[in-house]
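The structure appears right after this line, and notes come after that.
Heavy-atom basis, side chains included; hydrogens, waters and symmetry copies ignored.
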Amino acid sequence: MHNLFTTIIIIIFLCKSSVALGGRTVSGGWSPISDVTDPKVVDIAKFAIDEHNKADHASLKFAKVLKGESQVVAGMNYNLTITAADGTADHDYVVFVWDKPWQKFRQLVSFKGPI
């Protein structure tokens, strides 16, 4: 019974927190990245390309971030659609990066494409 009561209190708190923040999700939900030219976002994209190049012995060059979304977790997840050049043409890729800057931790979770 105590666990049920605690769960109900937590749910009420989270609902009120969401309302207090204007309906924005506190954690767990994906939010669109409004400024894909933000240096932090560009750095995440370049990191993804660098890690992909190391793992696949590729030589992609960063061009730009087309769109993206972020998710608050134990750190931040970034799901970005980027453009990179392979030496002959530009192609689009979808990258997923997990970032925990306070631990100096960043991991490329997936790199898909060209799409």
Side-chain angles (χ1 to χ4, degrees):
M1 182 69 177
H2 178 64
N3 286 341
L4 178 61
F5 179 73
T6 303
T7 303
I8 291 171
I9 295 298
I10 290 171
I11 291 170
I12 291 170
F13 173 75
L14 291 175
C15 289
K16 288 188 180 266
S17 296
S18 180
V19 171
L21 293 171
R24 291 177 288 157
T25 304
V26 177
S27 64
W30 288 94
S31 300
I33 296 173
S34 59
D35 181 9
V36 294
T37 63
D38 181 283
K40 171 79 171 178
V41 176
V42 171
D43 187 51
I44 295 287
K46 288 180 177 179
F47 168 82
I49 290 173
D50 289 344
E51 291 298 301
H52 171 76
N53 284 345
K54 284 187 242 175
D56 286 15
H57 305 290
S59 57
L60 296 176
K61 302 284 185 214
F62 172 78
K64 63 183 173 181
V65 178
L66 298 172
K67 64 181 179 177
E69 55 188 359
S70 60
Q71 178 187 39
V72 177
V73 291
M76 187 73 77
N77 285 332
Y78 292 90
N79 188 23
L80 307 174
T81 302
I82 63 172
T83 301
D86 66 5
T88 59
D90 286 355
H91 299 284
D92 296 340
Y93 301 86
V94 176
V95 302
F96 189 100
V97 175
W98 180 24
D99 188 41
K100 295 192 285 186
W102 68 93
Q103 291 182 347
K104 296 185 183 350
F105 172 87
R106 189 175 280 175
Q107 180 180 10
L108 176 62
V109 177
S110 71
F111 193 103
K112 296 178 184 173
I115 57 169

Gap between atom NZ of Lys46 and atom NZ of Lys61 - 0.5 Å precision: 11.5 Å
Heavy-atom side-chain proximity of Asp35 to Val41 below 4.5 angstrom: no
Side chain to side chain, Leu80 and Val36, heavy atoms closer than 4.5 Å: no
Smallest separation among heavy atoms of Phe62 and Ala45, with atom names: CE1-CB, 3.7 Å
Minimal non-hydrogen separation, Pro114 against His91, with atom names: CB-CB, 3.6 Å
Closest non-hydrogen atom pair between Ala74 and Trp102, with its separation: C-CH2, 3.9 Å
Inter-residue atom distance Asn79.CG - Gln71.CD, 0.5 Å rounding: 9.5 Å
Heavy-atom side-chain contact between Asp43 and Arg106 under 4.5 Å: yes
Under 3.5 Å: donor-acceptor pair, side chain of Asn53, backbone of Leu60: yes
Same apolar cluster: Phe111 and Leu66, side chain cutoff 4.5 Å: no
CZ on Phe96 to CD on Glu69, rounded to 0.5 Å: 9.0 Å
Common cluster, Phe47/Val94, ILVMFWY with side-chain heavy-atom separation under 4.5 Å: no
pair Lys40-Pro101: side-chain heavy atoms closer than 4.5 Å: yes
Heavy-atom neighbours of Lys100 NZ exceed 12 at 6.0 Å: yes
hydrophobic_cluster_shared for Val109 and Phe105, side chain cutoff 4.5 Å: yes
Check: Met76 and Ile44 side chains under 4.5 Å, non-hydrogen atoms: no
Donor-acceptor pair, side chain of Trp30 and main chain of Asn77, under 3.5 angstrom: no
Min side-chain heavy-atom separation Ile49-Ile82 under 4.5 Å: yes
Residue pair Leu108 / Ala48: nearest heavy atoms and the distance that separates them: CD2-O, 3.6 Å
